[in-house]
S.K.: 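Here it is, the structure, as structure tokens.
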Amino acid sequence: MKSFAMIRPASSRRKNWLTALVMLLFTQLTVHAQSAGSVEWPTYGNDAGGMRFSPLTQINPANVKQLTVAWTFRTGELDAYKGTDAAEKAAFEATPIMVDGTLYFSTPTSRVFAVDAATGQKKWDYNPDVYLRQDLSEITSRGVSCWPVPGDKSASSGQSKRIFVATLDGRLIALDVRTGKPIDTFGKAGSVDLRAGVGNISVTSPPAVIGNTVVVGSSMGDNQRFNYERGVVRAYDAVTGALRWSWDPIPRKKGDPGFDTWKGPNVGLTGAANAWSLISADAERDLVFIPTTSPSPDFYGGERLGQNRFASSIVAIRASTGKVVWDFQTVHHDIWDYDNASQPVLIPFVQNGKTVPAVAVGTKMGHVFILHRETGGPLLPVEERPVPKSTVPGEEAYPTQPFPTTFPALGLQKMETWGPTPADKAAADQRINGLRYEGIFTPPSLEGTLMTPGNVGGIHWGGMSYDPQSGLLITNVNRLAALIRLLPREQLLASVKNDQELLRAETGMQSGTPYVMKRSYLFAKTEMGLVMQTPPPWGTLVALNLQKGTLEWEVPLGYMMDPAKYPDTKKWGSLNFGGAITTAGGLIFVAASLDGHLRAFSTSNGSMQWEVPLPASGQATPMTYQVNGQQYIVIAAGGHGKMGTKLGDYVVAYKLP
């Protein structure tokens with residue numbers, strides 16, 4: 001068993017002094033003031049490293065209850081879904097950016113809007129006319145990017161500012177910030193075709209911008225075949241659109257780094273291991289940090305045996321050259337769909353009296369890794385532990401997996417059935433009877449496997465926020481078990497016909513492999529509504545103290561039933577999609593839960609300070625900025641088609657009277 005020893009901390013007095021200095025310097029650096037009284041939010045995570053922290057203090061626990069609606073903007077997006085099935089998949093998950101007094105954001109169909117940050121009045125909009133009747137796995141766009149990034153001294157001057165959007169149909173488009181029109185000198189008439197030479201990919205996250213380079217990943221469907229498109233990450237010149245470099249996370253030829261960790265006669269046909277989530281950038285170090293996913297298909301790896309280096313990893317790449325600097329794998333030979341779904345967060349970390357550049361990685365398994373930003377080495381201990389073997393013919397689960405040992409794992413880590421009545425609990429017991437379960441990393445099986453955490457978290461794409469003032473890492477967490485079963489292809493019809501569980505389960509054909517995948521989740525419809533069949537809370541908000549190495553607090557987030565009828569359900573939490581932000585005012589703002597509320601929590605103890613119902617469900621991450629001396633909190637409220645929450649086309653801003 002390998003382990004990495006933690007460096008002994010310095011005296012608390014010296015450590016606290018250094019921590020305070022780091023926090024002060026960071027707060028000063030993160031204020032992008034364009035004029036007196038203006039503080040921006042210039043990238044998806046505010047800073048290019050995704051801390052999602054604002055130095056603003058105007059809104060704080062003493063006055064947050066006075067927040068009122070400043071303005072509401074409607075995109076008209078629901079009209080775009082008419083005549084298609086897009087509403088069944090659409091999710092308004094965008095986080096706006098604010099630059100020079102203007103908000104820029106994208107809709108689920110990749111339309112881009114520019115809105116006055118003070119009044120909510122539209123300045124322009126751009127419609128890339130994505131054809132919605134094509135096969136799109138997801139219909140969402142989490143945001144846009146601005147070039148040059150304010151404060152990035154490595155970017156050239158003399159060019160007009162532009163907004164980049166990467167679309168559902170695989171285009172990278174550069175728009176003039178003043179007019180919203182494509183910039184003709186970029187690519188071909190303002191656009192680069194990301195599908196050329198790759199295949200049917202989409203992009204659902206905003207590109208990373210570093211210097212004069214735009215770095216973009218890709219999104220693709222899961223579980224339908226073995227030979228998916230290659231999950232390449234590419235970098236383009238921000239001015240001309242010329243390709244600068246391309247990196248394939250799957251080694252394709254002998255001699256490539258990691259090639260020997262991919263085994264099997266068909267391994268060269270493996271696809272995915274793509275980066276569909278947010279890419280972080282460190283301009284000072286000329287690095288981008290790529291969160292990669294599981295290779296295709298997610299739940300059977302017999303065609304790609306071995307460790308599968310670079311898949312399900314955090315990979316640091318030199319932005320100017322495309323060369324890999326280091327890689328850290330969070331899951332070896334991933335057969336659980338444990339993608340790195342959230343943005344790696346670049347943070348300062350004080351260790352042994354010194355400030356170390358670090359990257360914090362939160363995973364669907366509920367694990368949090370703290371790595372050295374320049375080397376990838378763990379700054380907090382990580383152990384390789386034995387995990388269960390696979391019993392599926394042709395599969396070989398990797399014998400060990402990495403476990404961080406400082407913090408308790410977040411989310412559902414052990415199986416226990418539950419129901420609001422004895423009959424409901426008995427139904428849950430019956431449902432899991434006969435399934436294989438040996439804790440986390442129990443491999444998929446022919447008899448069916450119980451998977452905890454499920455593939456929606458732990459920590460999902462909503463990710464983490466870091467408050468440098470308190471040293472707390474904040475994240476929302478899901479607690480949901482999944483049921484996975486592999487069926488020999490020739491037995492599929494007979495098996496499903498005779499099994500009600502399989503009949504209602506999601507199907508992944510996994511073409512090119514011997515097995516079809518069936519997946520469902522451990523929840524049930526009761527007279528109370530939809531309930532998880534594991535004990536509440538089902539969704540929480542968590543604070544980890546990085547310097548103490550402790551879980552500071554954990555509170556339920558939202559609810560899933562009517563609390564007027566069932567008061568206890570306010571303590572039960574909710575499944576959640578979207579993330580939280582932190583502010584120097586001592587507050588955390590988060591929506592994400594299925595009940596359609598935006599909430600503010602105290603950073604210090606997790607107590608809820610304010611909540612307000614949204615006009616539609618808010619499965620997005622909020623943001624904040626200051627303009628004309630007034631601080632605003634903004635959230636996209638448009639619902640989530642797959643989750644069945646209330647759809648809408650709203651962007652809502654709140655401010656103090």
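The first residue of the sequence shown is numbered 1, and numbering continues consecutively from there.
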S.K.: Using the six-membered ring wherever Trp is involved, compare the ring planes of Phe289 and Trp326 and label them parallel, tilted or perpendicular (cut-offs 30° and 60°).
M.R.: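 The arrangement is tilted - the two ring planes meet at 30° to 60°.
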S.K.: Go through the steps to decide whether Ser38 and Glu40 satisfy the test side-chain hydrogen bond (donor to acceptor under 3.5 Å, both in side chains), and finish with yes or no.
M.R.: CA-CA 7 Å; Ser38 179; Glu40 299 183 339; 5.3 Å; no
S.K.: Looking only at side chains, do Ser277 and Gln343 share a donor and an acceptor under 3.5 Å apart?
M.R.: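 On atom types as modelled, these side chains do not qualify, holding no pair under 3.5 Å.
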S.K.: Classify the side-chain pair Glu138/Thr204 by whether it contains a donor and acceptor separated by less than 3.5 Å.
M.R.: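 The answer is no; no qualifying pair exists.
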S.K.: State, yes or no, whether a side-chain contact exists between Leu172 and Tyr236 at a heavy-atom distance under 4.5 Å.
M.R.: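 Answer yes - side chains close enough.
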S.K.: For Asp176, is there an ion pair with Arg162 - N to carboxylate O distance below 4.0 angstrom?
M.R.: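 Here Arg162 does not pair with Asp176 in a salt bridge, since their nearest N and O are not under 4.0 Å apart.
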S.K.: Should the heavy atoms of other residues, nucleotides or ligands under 6.0 Å from NZ of Lys181 be counted, would the total exceed 12?
M.R.: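 Open: at most 12 neighbouring heavy atoms sit under 6.0 Å from NZ of Lys181.
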S.K.: I want to check something: taking the side chain as every heavy atom from C-beta on, are Arg479 and Pro453 in contact at a cut-off of under 4.5 Å?
M.R.: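 Answer no - side chains too far apart.
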S.K.: Verify whether the ring centers belonging to Phe113 and Phe73 lie closer than 6.0 Å.
M.R.: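 When the ring centroids of Phe113 and Phe73 are compared, they turn out to be within the sub-6.0 Å range.
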S.K.: Would you name the heavy atoms of Ile173 and Pro128 that are closest together and state the gap between them?
M.R.: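 That would be CD1-CB, 4.0 Å.
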S.K.: Could you tell me whether the side chains of Asp116 and Thr119 share a donor-acceptor contact shorter than 3.5 Å?
M.R.: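 Thr119 and Asp116 do have a side-chain donor-acceptor pair below 3.5 Å.
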S.K.: Do you know which two heavy atoms are closest between Ala580 and Ile588, and how far apart they sit?
M.R.: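 Nearest heavy atoms, Ala580 then Ile588: CB-CG2, 3.8 Å.
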S.K.: Taking the six-membered ring of Trp610 (Phe, Tyr or Trp), confirm whether the NZ or CZ of Arg599 is under 6.0 Å from its centre and within 45° of its axis.
M.R.: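 Because its charged atom misses either the 6.0 Å distance or the 45° angle limit, Arg599 does not stack over Trp610.
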S.K.: Do we see a donor-acceptor contact under 3.5 Å between the side chains of Lys655 and Thr68?
M.R.: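 Judged by distance alone, the side chains do not pair up.
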S.K.: Any side-chain heavy atom of Phe92 sitting closer than 4.5 Å to one from Gln619?
M.R.: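 A side-chain contact under 4.5 Å is absent here.
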S.K.: Is it the case that Ser141 and Ser106 place a side-chain donor and acceptor less than 3.5 Å from each other?
M.R.: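 A donor-acceptor contact under 3.5 Å links the two side chains.
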S.K.: Verify side-chain contact (heavy atoms from CB on, under 4.5 Å) between Phe601 and Val555, making sure each step is shown before the conclusion.
M.R.: CA-CA 10 Å; Phe601 293 83; Val555 297; 4.1 Å; yes
S.K.: Supply the atom-to-atom distance Arg74 CZ to Leu78 CG, rounded to the nearest 0.5 angstrom.
M.R.: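 One finds 7.0 Å between CZ of Arg74 and CG of Leu78.
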S.K.: Take Arg318 and Glu374 through the salt bridge (charged side-chain N to carboxylate O under 4.0 Å, His left out) test and state the conclusion after the steps.
M.R.: CA-CA 11 Å; Arg318 189 73 63 198; Glu374 297 173 340; over 6 Å; no
S.K.: Any carboxylate oxygen within less than 4.0 angstrom of a Lys/Arg side-chain nitrogen, looking at Lys161 and Asp100?
M.R.: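 Yes, charged N to carboxylate O under 4.0 Å.
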S.K.: Are side-chain heavy atoms of Met623 and Asn46 found at a separation under 4.5 Å?
M.R.: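 Not in contact.
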S.K.: Output the distance between atom OG1 (Thr583) and atom CG (Asp467), rounded to the nearest 0.5 Å.
M.R.: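 Those atoms lie 7.5 Å apart.
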S.K.: Could you grab the distance from atom CG of Leu614 to atom OG1 of Thr72, nearest 0.5 Å is fine?
M.R.: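 Between atom CG of Leu614 and atom OG1 of Thr72 there are 10.0 Å.
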S.K.: Check this for me: Lys642, atom NZ, are more than 12 non-hydrogen atoms of other residues, nucleotides or ligands nearer than 6.0 Å?
M.R.: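 Atom NZ in Lys642 is crowded, with more than 12 foreign heavy atoms closer than 6.0 Å.
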S.K.: Evaluate the side-chain hydrogen bond (donor to acceptor under 3.5 Å, both in side chains) criterion for residues Glu77 and Thr107: first the C-alpha distance (whole Å), next the side-chain angles of each, then the deciding distance (0.1 Å), finally the verdict.
M.R.: CA-CA 7 Å; Glu77 181 76 354; Thr107 70; 3.0 Å; yes
S.K.: Locate the shortest heavy-atom distance separating Ala360 from Ile347; write the atom from each residue and the value.
M.R.: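 Scanning both residues completely, I find the closest heavy atoms to be CB-CD1, 4.1 Å.
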S.K.: Once you round to the nearest 0.5 Å, how far does OH of Tyr625 lie from CG of Leu56?
M.R.: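 Taking OH in Tyr625 and CG in Leu56, the distance rounds to 11.0 Å.
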S.K.: Just so I know, are the side chains of Ile290 and Val288 near enough to count as touching, which here means a heavy-atom distance under 4.5 Å?
M.R.: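 Counting from C-beta outward, Ile290 and Val288 do come under 4.5 Å.
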S.K.: Under 3.5 Å, is there a donor on one side chain and an acceptor on the other for Glu93 and Thr140?
M.R.: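 Yes, a side-chain donor-acceptor pair sits under 3.5 Å.
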S.K.: Ring centres under 6.0 Å, that's the criterion: do Tyr104 and Tyr126 meet it?
M.R.: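 No, ring centres 6.0 Å or more apart.
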S.K.: For a side-chain contact (heavy atoms from CB on, under 4.5 Å) check, start with the C-alpha distance between Leu67 and Ile59, then their side-chain angles and the critical distance, and finish with the verdict.
M.R.: CA-CA 8 Å; Leu67 284 176; Ile59 300 171; 3.6 Å; yes
S.K.: Looking only at side-chain N and O atoms, does Asn274 offer a donor or acceptor that is under 3.5 Å from a partner on Thr293?
M.R.: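 Note: Thr293 and Asn274 side chains meet the donor-acceptor criterion.
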S.K.: With distance as the sole criterion, is a donor-acceptor pair present between the side chains of Thr582 and Ser465 under 3.5 Å?
M.R.: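 The criterion, which ignores hydrogens and geometry beyond distance, is satisfied for Ser465 and Thr582.
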S.K.: For Val368, which of Val361, Thr406, Ile459, Leu380 qualifies under side chain to side chain contact (heavy atoms under 4.5 Å, CB included)?
M.R.: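 Considering Val361, Thr406, Ile459, Leu380, a side chain to side chain contact (heavy atoms under 4.5 Å, CB included) with Val368 is found only for Ile459.
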S.K.: Is there side-chain contact between Val325 and Ile317, with heavy atoms separated by less than 4.5 Å?
M.R.: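 Sidechains of Ile317 and Val325: no contact.
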S.K.: Do Lys153 and Glu284 make a side-chain contact, defined as non-hydrogen atoms from C-beta onward lying under 4.5 Å apart?
M.R.: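 With C-beta onward as the side chain, the pair stays apart.
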S.K.: Considering the options Trp147, Tyr44, Phe186, which one meets the ring pair (Phe, Tyr, Trp, His ring centres under 6.0 Å) requirement together with Phe164?
M.R.: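 Testing Phe164 for a ring pair (Phe, Tyr, Trp, His ring centres under 6.0 Å) against Trp147, Tyr44, Phe186 leaves exactly one candidate, Phe186.
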S.K.: Is any side-chain heavy atom of Asn576 closer than 4.5 Å to one of Trp538?
M.R.: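 A side-chain contact under 4.5 Å is absent here.
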